[in-house]
Structures are given as structure tokens and as C-alpha cells.
**Student:** 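Before I ask anything, here is the structure I am working with.
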Amino acid sequence: MTETLPSEITLSARGSCPFDPPPEVTEQAKARPITPIRFPDGHIGQLITNYTLARAVLADPRFSARQELRHIPIPNRLADGEMGPADPGMFIRMDPPQHTRYRRLLTGQFTVRHMNLLVPRIERITAEHLDAMAEQGPPADLVKAFALPIPSLVICELLGVPYSDREVFQQHTSTMLRLDSTSQEVYGAIGKVNEYLDGLVEAKKASPAEDLLSGLITGGELNQEELVTIGFLLLVAGHETTANMLGLGSFALLSNPAQLAALRADPTLVDGAVEELLRYLSIIQIGIQRTALEDVDLDGHHFKKGDGVLISVPAANRDPERFEHPEQLNITRPNTGHLAFGHGVHQCLGQQLARIEMRVGYRALFERFPDLRLAIPADEVPMRSDMAIYGVHRLPVMWEEVRQ
Amino acid sequence: MKVTVDRERCCSSGMCALTAPKLFDQDDEDGRVVLLIAEPPEELHAAARKAESFCPCQVITVSDD
């Protein structure tokens with residue numbers, strides 16, 4: 001029986017439509033809300049593909065995010081032994097109250113109001129990048145010209161990381177997110193970024209500035225190791241995720257001309273378009289992992305203490321019980337709540353920043369280049385099936401007209 | 001309609017302030033929910049319910065009376 005269980009490898013193997021979840025996941029989702037799954041270490045856990053159950057598990061404190069309880073869902077990342085508890089500051093792999101203490105030091109910086117204040121600056125950064133793209137002329141790689149640099153620059157400014165050092169973290173982040181990287185390569189890459197941040201934090205201690213890292217330093221609540229780890233989390237999460245949404249979202253809109261036309265005709269639809277793209281694309285393709293701390297019965301499903309639970313965000317966000325015609329991109333769909341940012345106490349800290357970057361980004365891109373189109377056939381766009389965060393590796397685009 | 005919030009369990013996602021800004025704000029210190037109107041007028045009832053359903057930590061409770 002266990003021979004036929006799906007394994008995590010297939011969780012990133014896409015079918016003919018690059019925007020749809022992997023066919024194997026969709027198949028499981030159609031058959032049942034929850035499926036036994038084999039983790040690379042041999043552990044038999046559970047794969048959740050149903051929206052309601054996914055949301056219930058993510059909101060339930062009986063399911064833990066603690067690092068030492070995890071079964072690594074990526075085959076090449078099997079550590080040599082058991083994983084220890086999360087390093088100090090790595091709060092995404094902790095439960096309350098440890099998690100709460102760290103998170104509350106940061107949440108004041110990511111409020112809706114605080115993020116709204118950044119709109120003019122993000123608009124300016126976006127305009128500058130689109131200017132440069134227009135200046136250089138077609139064709140352009142939208143990832144290099146637009147999707148990656150804008151969120152990278154924004155998070156650098158917010159944290160107080162010199163943007164000129166971006167090569168250090170962009171290259172190593174890429175290694176960390178490649179599904180075929182070995183544990184050794186991943187830890188090596190993490191080490192390099194941490195080494196860089198260690199120096200940066202030391203420098204900021206000597207001369208603090210008006211930025212988030214300096215604020216955390218002068219707050220005096222965190223030691224050097226915690227400051228480096230939190231800086232690492234914010235830096236990596238802050239640029240890769242939004243960058244991939246900008247790239248893949250642009251591809252999705254260019255591939256759905258009626259949706260793009262509707263957005264161009266009425267740019268105020270952009271808020272809804274962002275939520276719909278988040279749902280439709282669900283770039284956290286492997287899913288979110290939790291471990292049952294005790295035997296749990298939830299919505300008629302039984303979880304044993306110690307069960308590794310993998311929540312497929314792409315499948316849950318395409319659940320037909322929750323979303324009508326979930327396979328369709330519909331930017332005017334009423335927003336009923338998607339799980340792209342997760343759910344529960346770990347829901348994405350930077351989600352309000354991501355929303356603003358996407359609203360500003362998509363709107364400016366399609367206003368500036370009214371006839372923007374793909375420069376290569378859609379089926380030749382290199383997709384990030386090989387990465388923990390889905391998206392496009394490159395997106396070559398063409399245009400004739402540029403608006404000021 | 002009566003709205004209550006549990007600030008102790010709030011995880012500062014900002015979903016309430018995003019969804020129903022007339023009803024909810026966030027603390028500048030740590031982003032936790034600040035309830036602006038405990039008994040919202042009829043035109044804000046739908047927004048209140050939406051904020052209740054979106055809250056990732058289920059700290060918003062809306063009751064009819």
C-alpha cells in the first residue's frame with residue numbers, strides 16, 4: 001500500500017498549464033480532502049488539500065511549527081541526523097510563546113498604516129525601473145528588469161541593508177531555494193548570508209541609522225545571533241516571494257488577455273487582482289508543514305501524535321467547495337479569503353508590504369507598457385518547478401508603445 | 001451587532017485593518033488590533049463579518065443582539 005503513496009517529489013511536478021497545481025496534487029484533492037504521504041525519511045504523514053481542513057489545522061495550536069518535530073519534505077535535504085530546535089530568532093520554526101515574543105518585536109513595523117506610508121517610495125522605485133526598461137528597449141527579461149529588483153530594493157531600504165550588496169544574498173537565496181540543493185549546499189549558503197549580516201549588524205551597532213535593523217538593535221531585546229537570524233528571515237522572505245509573484249503574476253495576466261484588458265480598463269480592480277493572483281498562483285508550492293502534538297480529531301479526520309502534516313496551499317486555494325471555478329483566473333472574484341499567506345499565528349508577517357508592492361507594480365507595469373506581450377512562446381517560459389518558491393526564472397517580453 | 005476583540009491572542013496580521021478600516025486599527029507599538037467601534041452601524045455589518053472570517057487568529061467575535 002505504501003508503495004503507491006504520493007511522495008513530496010511530485011508536489012512540484014507541473015502539468016501542461018504552468019499556473020495549475022501539479023496534476024498529482026489535483027488528483028489527490030479531487031479524490032479526498034486528506035491523503036497519506038510518504039516523507040523522504042520514510043515517515044508516513046498526511047497531505048491536506050481541502051481548504052476548510054487546511055485552515056482548521058493552521059489555526060489549531062495542537063499542530064506545531066517547531067523545527068525539531070519536522071520531517072523534511074525535500075529529498076535532498078535529509079540531514080544527517082535529527083534536527084535540533086530552531087536557532088534563537090528563527091521564529092517561523094517555533095510555537096507560542098517563544099514565537100510570540102519575536103514576532104511582536106516586528107509586527108509594529110509591518111502594519112497596514114506603516115506599509116501605506118511606503119507607497120510613494122515604492123511608486124518611485126517602480127517608475128525608475130520601468131524607465132530603465134523603456135530606455136533599454138525591447139526585448140527585456142521582466143524578472144531582471146522589474147520583478148526581482150523592486151522588492152529587493154524595498155526590503156533593503158526597510159531593513160537598512162545596502163542594495164549594492166544584493167549579489168551576496170540574491171545568489172545564496174537561490175541556492176537555498178533550489179530543490180536539488182543538498183543540505184550541505186543549503187547550510188553553506190545560509191552561512192554566507194549570516195556571515196554578511198553578522199558584519200552588517202556589528203557596523204550598525206557602532207552607528208545606528210533610521211532603519212528596521214537599527215531599531216531592533218537599539219531596542220536592546222535581541223542578542224547578536226537573534227539579530228542576524230531575524231535579519232536573514234526578513235531579507236530572504238522579503239524579496240524572493242514578492243519577486244516571484246510579480247514575475248509569475250505578470251505571466252498569468254499576459255496569458256489571460258480578457259483579465260488583463262479588464263484591469264487595464266479599470267486600474268482600480270488591481271486590489272482584487274492581487275488577491276486573485278495570490279490565490280490562483282499559490283507560489284509556496286511544496287506547502288506548509290506542521291506536526292501533531294497530540295492525537296487530534298478534526299472535521300472527522302484523525303491525526304496521530306507525531307503525524308507530519310503537509311498543507312498544500314496550491315490545492316487548498318483551488319478547492320471547488322470554497323472557490324467557484326477555481327481553475328479560472330477571475331480578477332473580479334469576490335475575495336473570500338485565500339491561504340497564500342498561510343493562516344494562524346504564523347500568517348505572513350510581510351503580507352501588507354507584499355500587497356502594496358504588487359498593487360503598485362502590476363498597475364505601473366501595464367500602464368507604462370500598454371501593448372506588453374511575451375517575446376517567446378508561453379510554453380518556452382522557464383518555470384521554477386525546481387524551486388521551493390514557484391515562479392518564472394525568466395520572462396522575456398516585447399512592446400512597441402511606452403506611456404509616460 | 002456587537003464586536004469584541006481578544007488583544008492577547010492577536011497576531012497582528014493587519015487583516016482587520018485592511019478589510020474594515022472604519023472598525024479596526026493597529027497599535028503602532030506591535031501592530032495588535034485596536035477596536036474603533038464596538039457597536040457598528042448597519043452599513044458596517046458586512047465588513048465586520050468579513051474581518052471576523054479573515055482573522056487568522058480568530059480574535060474577532062461578532063454577535064447579533
Side-chain angles (χ1 to χ4, degrees), chain A residues 51-52 54-61 65 91-92 95-97 99-117 215-216 219 221 271-272 274-275 278 288 322 334-356 359, chain B:
Chain A
Y51 176 92
T52 307
R55 210 170 181 262
V57 166
L58 289 170
D60 193 324
F91 61 93
I92 61 170
D95 291 338
H99 164 265
T100 318
R101 179 197 156 224
Y102 289 116
R103 185 169 163 120
R104 283 204 181 142
L105 292 175
L106 302 168
T107 40
Q109 301 293 321
F110 290 93
T111 61
V112 172
R113 189 181 325 113
H114 206 98
M115 295 300 103
N116 281 334
L117 293 176
L216 289 174
E221 292 265 345
D271 292 8
V274 165
E275 301 304 321
L278 284 162
I288 304 172
R322 181 72 184 190
N335 181 14
T336 54
H338 55 71
L339 300 178
F341 289 120
H343 189 67
V345 297
H346 288 278
Q347 195 183 55
C348 178
L349 173 70
Q351 59 177 304
Q352 307 305 347
L353 174 59
R355 283 192 169 93
I356 284 180
R359 289 171 181 180
Chain B
M1 174 181 278
K2 216 174 201 149
V3 181
T4 55
V5 296
D6 179 353
R7 279 176 51 85
E8 268 320 297
R9 293 192 305 109
C10 177
C11 59
S12 312
S13 72
M15 285 309 292
C16 54
L18 181 78
T19 310
K22 288 184 179 152
L23 293 177
F24 305 97
D25 197 356
Q26 289 176 276
D27 198 311
D28 268 331
E29 187 64 28
D30 59 14
R32 276 193 274 180
V33 59
V34 176
L35 181 62
L36 300 176
I37 308 175
E39 292 181 28
E42 186 124 13
E43 65 269 22
L44 295 177
H45 286 190
R49 288 193 196 290
K50 203 160 194 183
E52 180 189 35
S53 79
F54 280 5
C55 176
C57 295
Q58 291 137 316
V59 303
I60 298 171
T61 310
V62 173
S63 61
D64 288 305
D65 42 19

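A note on names: the letters A, B, ... follow the listed sequences, proteins ahead of strands, and every chain is numbered from 1.
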**Student:** Please identify, among A:Q347, A:R104, A:H343, the residue contributing the most non-hydrogen atom pairs under 4.5 Å to chain B.
**Tutor:**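 Top option by heavy-atom pairs under 4.5 Å: A:R104.
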
**Student:** Quick check on A:N116 against chain B: is it the side chain, the backbone, both or neither that has a heavy atom closer than 4.5 Å?
**Tutor:**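 Neither part; nothing is under 4.5 Å.
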
**Student:** Once you round to the nearest 0.5 Å, how far does CZ of B:R9 lie from OG1 of A:T100?
**Tutor:**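 Separation between the atoms: 11.5 Å.
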
**Student:** Looking at A:T107 and B:C11, what are the two nearest heavy atoms and their distance?
**Tutor:**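 Shortest heavy-atom separation between A:T107 and B:C11 comes out as CG2-O, 4.0 Å.
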
**Student:** Measure the CZ-OG distance between A:R55 and B:S53 for me, rounded to the nearest 0.5 Å.
**Tutor:**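 So the gap between those two atoms works out to 6.0 Å.
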
**Student:** Do you know the tightest heavy-atom contact between B:G14 and A:V112?
**Tutor:**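 Heavy-atom minimum between the residues: O-CG2, 3.4 Å.
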
**Student:** Is there a donor-acceptor pair under 3.5 Å between the side chain of B:Q58 and the backbone N or O of A:G344?
**Tutor:**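 Absent.
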
**Student:** Would you sort out whether B:L18 and A:Q351 count as a side chain to side chain contact (heavy atoms under 4.5 Å, CB included), showing the intermediate values?
**Tutor:** CA-CA 11 Å; B:L18 181 78; A:Q351 59 177 304; over 6 Å; no

**Student:** Does anything in residues 43-55 of chain B pair up under salt bridge (charged side-chain N to carboxylate O under 4.0 Å, His left out), and if so which pairs, sequence neighbours excluded?
**Tutor:**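 Salt bridge (charged side-chain N to carboxylate O under 4.0 Å, His left out) check on residues 43-55 of chain B returns B:R49-B:D64.
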
**Student:** Quick check for you: among A:T336, A:L105, A:L106, which has the greatest number of heavy-atom pairs under 4.5 Å with chain B?
**Tutor:**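 Between A:T336, A:L105, A:L106, the count favours A:T336.
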
**Student:** Under the side chain to side chain donor-acceptor pair (under 3.5 Å) definition, can you give me all pairs with a residue in residues 17-31 of chain B, not counting sequence neighbours?
**Tutor:**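 For residues 17-31 of chain B, and leaving out neighbouring residues, the side chain to side chain donor-acceptor pair (under 3.5 Å) pairs sorted by first residue read A:R113-B:D25, A:R113-B:D28, B:R7-B:D27, B:D30-B:R32.
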
